[in-house]
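Worksheet: the structure to be examined is printed underneath.
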Protein chains: 2
Amino acid sequence: MTNSPTLKEVAQRAGVHVTTASRALNPATSSLVNPATMRRVQAAARELRYQPNAMARGLKTAKSMSVGVLLPDLTNPLFPPIVRGIEDVLAASGYTTLIANTDNDLERQRTLFDTLRARQVDGVIIATARRDDNLFTEAHQQGVRMVMVNRRVDQSDIPSVTGDDHDGIAMAVRHLIELGHTRIAHVAGPQHTSTGRTRQRAYRQALDDAGIELDPGLLVTANEFTEVEGAKATRAMFEAGKRPTAVVAANDMIALGCLDVFNERRMRCPDDISLVGFNDMPFVDRLTPPLSTVHVPHYQIGAEAARMLLDRLANPDLPAKSITLPATLVLRESTAAPAV
Amino acid sequence: MTNSPTLKEVAQRAGVHVTTASRALNPATSSLVNPATMRRVQAAARELRYQPNAMARGLKTAKSMSVGVLLPDLTNPLFPPIVRGIEDVLAASGYTTLIANTDNDLERQRTLFDTLRARQVDGVIIATARRDDNLFTEAHQQGVRMVMVNRRVDQSDIPSVTGDDHDGIAMAVRHLIELGHTRIAHVAGPQHTSTGRTRQRAYRQALDDAGIELDPGLLVTANEFTEVEGAKATRAMFEAGKRPTAVVAANDMIALGCLDVFNERRMRCPDDISLVGFNDMPFVDRLTPPLSTVHVPHYQIGAEAARMLLDRLANPDLPAKSITLPATLVLRESTAAPAV
DNA sequence: CCTGCGTGTGCAATCGTTTTCCGCCCAGAC
DNA sequence: GTCTGGGCGGAAAACGATTGCACACGCAGG
């Protein structure tokens with residue numbers, strides 16, 4: 001901004017060489033300087049409200065003390081908790097977070113990723129991965145430190161932190177079966193994402209485990225994890241004449257779309273049809289009806305991802321590990337026994 | 001990350017001096033270099049996937065091409081739209097956004113503000129201002145470029161972009177009066193914020209304009225713009241024996257708290273009591289009942305603030321202006337005529 | 001043939017730090 | 001009194017870009 005004081009000025013005021021000032025102010029090297037002069041320097045720094053110029057430091061140390069976060073859209077309520085988790089642990093270690101919204105646009109994503117690299121971020125946390133993503137796998141092979149949150153990339157050793165998609169869906173389906181449902185539909189998410197895919201597979205397997213044969217017409221897939229795409233897919237299912245008594249949505253946004261379609265068709269939830277979402281986004285407990293959904297600890301996912309990245313920055317050749325955090329089924333009022 | 005190519009390498013590959021490479025790659029100076037060699041340099045840059053080192057550039061140019069955003073909590077649904085507005089226009093001009101969450105903690109805010117300055121941000125957008133804030137007024141006087149969003153600081157010439165708080169509340173109160181309400185309460189927000197204060201004043205004035213005398217017991221104030229503080233304040237009002245037929249909440253979070261208290265007391269909204277919120281946060285249209293509220297164009301507020309900051313960066317001694325964007329009343333199902 | 005000018009390029013300094021390498025000083029041992 | 005060695009602190013070289021300045025060259029005009 002305006003003439004911030006520089007290290008040289010601090011040094012002058014303390015009557016020492018700039019080198020000494022640098023050492024005095026840096027905890028790692030302050031042992032090299034006489035305690036008395038160290039105090040002098042620190043006093044001078046305090047009086048001048050000295051803040052080291054991060055760019056100069058970064059240029060020299062080849063570390064920016066910043067990490068980038070790539071996500072589809074901050075406006076999606078799923079992400080703020082993740083981001084807070086990330087920021088809180090990174091900030092505690094002195095790192096700054098750079099957020100970039102891709103809007104699911106691959107072109108844009110590439111650009112944003114490049115600007116992050118231009119800014120010399122020390123690492124990247126990625127929430128936008130596709131299963132076959134090669135932008136990230138290439139970068140990973142080139143040594144870019146990264147960890148995936150929420151979604152993963154197929155067949156890669158990129159570390160990741162995700163919720164337990166499989167178990168979450170299994171719990172949801174089992175719950176519906178216990179209530180007496182047999183015609184259970186799934187509105188799947190985009191299959192190019194790991195979440196869309198593994199949730200869909202979990203749905204199939206849960207039915208299978210219960211000895212219920214899958215009616216292929218009850219499995220539809222939304223093109224995006226959004227309300228409108230979710231609505232589109234479930235509308236198509238009904239228009240094809242399918243009549244499920246319960247729906248498992250691949251996430252809460254899609255569940256919102258399901259609710260819209262239920263309303264269009266004057267079906268009451270849960271009286272006429274049950275619905276389970278996924279994620280337990282903020283405010284879904286205040287919907288009409290309050291949504292039963294699979295809770296995923298998003299803040300912890302973010303925090304854990306940040307910790308993992310920090311570990312890998314400190315120790316570059318740590319083996320890549322993938323953490324999955326447990327999901328829990330939270331029952332509210334959108335599920336009930338099927339009407340007879 | 002790993003050995004990103006440097007300008008020197010690009011220059012070598014193109015067979016020119018690093019100076020020339022710099023000029024060739026920089027649109028502002030590229031006219032100084034022969035078109036043919038410019039093409040050579042650009043080709044070399046492309047082949048190497050060269051990205052200029054932002055820290056080196058920033059160090060030399062004394063510009064970081066980044067701006068900081070200070071907000072209370074990203075997790076509050078009010079903020080993501082504002083942030084997107086900011087990021088979208090800043091990104092279009094090549095700026096990066098640094099987000100910091102203060103959690104309404106003044107100490108933390110000071111620290112975060114300092115780290116932003118250490119990172120040499122070119123400007124700051126602030127959503128956490130208090131009416132009497134001196135951290136920011138001082139910084140402003142020192143020449144730190146900033147603009148306030150949403151909230152303002154009293155008696156200062158810091159530029160700001162806000163919604164029309166006064167008009168918004170006036171519309172809400174008038175609407176309730178037209179429905180036949182006379183015992184209209186206001187759950188105000190913290191009075192150390194400009195929003196809390198001007199909304200409260202607008203409420204008083206709207207009553208006055210309608211010739212309704214203010215019952216002081218119907219004006220309570222929440223300590224924070226949160227659900228629990230909102231609930232606490234409205235609960236206190238009821239416990240004092242007050243019986244409004246309508247409530248104007250200072251924002252949607254507080255309105256959520258009002259709804260909680262209505263439920264506690266088995267009052268139905270809108271049958272027994274009407275409620276109007278403020279902000280039109282995402283998802284309040286899906287509450288039970290869908291919330292009537294004052295819509296504020298948050299994305300535009302963010303975008304406008306960013307544009308204003310950009311203007312001031314380009315032209316430092318632009319006169320400070322304050323923009324207020326129009327609010328609109330959106331009627332849903334939480335308001336009705338009072339029961340007779 | 002010389003001067004002058006414009007165009008295109010290179011040289012070198014610089015931004016604010018960190019860091020390696022030295023040299024100084026002084027205490028203590030002989 | 002000289003020598004040794006440790007502890008402090010300074011000199012200078014980076015890091016990767018930008019930029020004012022100088023220089024080389026070609027060409028036109030006198």
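If you're wondering where the values come from, they're calculated on a predicted model, not measured in any experiment. Numbers restart at 1 for each chain; the letters A, B, ... are given by sequence-line order, proteins then strands.
Listed by chain and residue number, nothing satisfies the side-chain hydrogen bond (donor to acceptor under 3.5 Å, both in side chains) test with A:Asn134 (two or more places apart in sequence, or in another chain). In this structure A:Tyr299 satisfies the side-chain hydrogen bond (donor to acceptor under 3.5 Å, both in side chains) test together with A:Asp88, sequence neighbours excluded. With sequence neighbours excluded, the residues forming a salt bridge (charged side-chain N to carboxylate O under 4.0 Å, His left out) with A:Asp73 are B:Arg84, listed by chain and number.
Rounded to whole Å, the distance from CG on B:Leu7 to C1' on D:dT19 is 13 Å. The nearest whole Å value for the distance from the NE2 atom in A:His17 to the C1' atom in C:dG16 is 13 Å. As rounded to whole Å, 11 Å separates atom C1' of C:dT19 from atom CG of A:Asn26. Residue A:Met65 contributes atom CE, which lies 21 Å from atom P of D:dC15 at whole-angstrom precision. Atom NZ of A:Lys8 is separated from atom C1' of C:dT18 by 15 Å (rounded to the nearest Å). Between the CD atom of A:Glu9 and the C1' atom of C:dC15 there is a distance of 13 Å, rounded to whole Å. We find that CE of B:Met38 is positioned 17 Å from P of C:dT7, with the value rounded to whole Å.
In this structure, B:Gln155 places its CD atom where only 12 or fewer heavy-atom neighbours from other residues, nucleotides or ligands lie under 6.0 Å away.
End-to-end axis angle of the helix from C:dC1-D:dG30 to C:dC30-D:dG1, using five pairs per end and rounding to 10°, comes to 70°.
Among residues at least two apart or in separate chains, there is no ring-ring contact (aromatic ring centres under 6.0 Å, His included) pair with a member in residues 43-75 of chain B. Within the structure, the side chain to side chain donor-acceptor pair (under 3.5 Å) test picks out the following pairs touching residues 13-35 of chain B (sequence neighbours left out): B:Arg13-B:Glu47, B:His17-B:Thr19. Applying the side chain to side chain donor-acceptor pair (under 3.5 Å) test to residues at least two apart or on different chains, the pairs with a partner in residues 307-316 of chain B are B:Glu304-B:Arg307. Judged as a ring-ring contact (aromatic ring centres under 6.0 Å, His included), the pairs with a partner in residues 115-148 of chain A (not counting sequence neighbours) are, in order, A:Phe113-A:Phe136.
Residues from residues 44-63 of chain B that place a heavy atom under 4.0 Å from any atom of DNA chain C, listed by number: B:Leu59, B:Lys60.
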Nucleotides 4-6 of chain D: which of its N/O atoms have a protein N/O under 3.5 Å away?
none

Distances under 3.5 Å only, N/O to N/O: pair up the protein atoms with those of nucleotides 25-28 of chain D.
none

For nucleotides 20-26 of chain C, which of its nitrogen or oxygen atoms have a protein nitrogen or oxygen under 3.5 Å away, and what is each distance?
none

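Taking side-chain N and O atoms only, A:Thr20 has a distance below 4.0 Å to OP1 or OP2 of D:dG10. At C:dC15, none of the side-chain N or O atoms of A:Thr6 fall inside 4.0 Å of OP1 or OP2 (strictly under the cut-off).
A:Ala305 approaches A:Val149 most closely through the heavy-atom pair CB-CG1, 3.2 Å. The shortest non-hydrogen separation linking A:Pro72 to A:Ala127 is CD-O, 4.0 Å. Looking at every heavy atom in both residues, A:Met146 comes nearest to A:Ala139 through CE-CB, 3.7 Å. Shown here for A:Thr162 and A:Asn150, the closest heavy-atom pair between the two residues is CG2-O, 3.2 Å. The shortest heavy-atom contact between A:Ser93 and A:Leu310 is OG-CD2, 3.5 Å.
B:Met308 is not listed as a side-chain neighbour of B:Leu318, based on a closest heavy-atom distance of 4.5 Å or more. Side-chain contact between A:Asp122 and A:Arg145 is absent, with no heavy-atom pair separated by less than 4.5 Å.
B:Thr37 comes within 4.0 angstrom of sugar-phosphate atoms only, judged by non-hydrogen atoms across all strands, and of no base.
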| query | Given the rule in the side chain to side chain donor-acceptor pair (under 3.5 Å) test, do B:Thr96 and A:Arg119 qualify, once you have shown the distances and angles that lead to the verdict? | reply | CA-CA 9 Å; B:Thr96 297; A:Arg119 293 219 176 257; 2.6 Å; yes
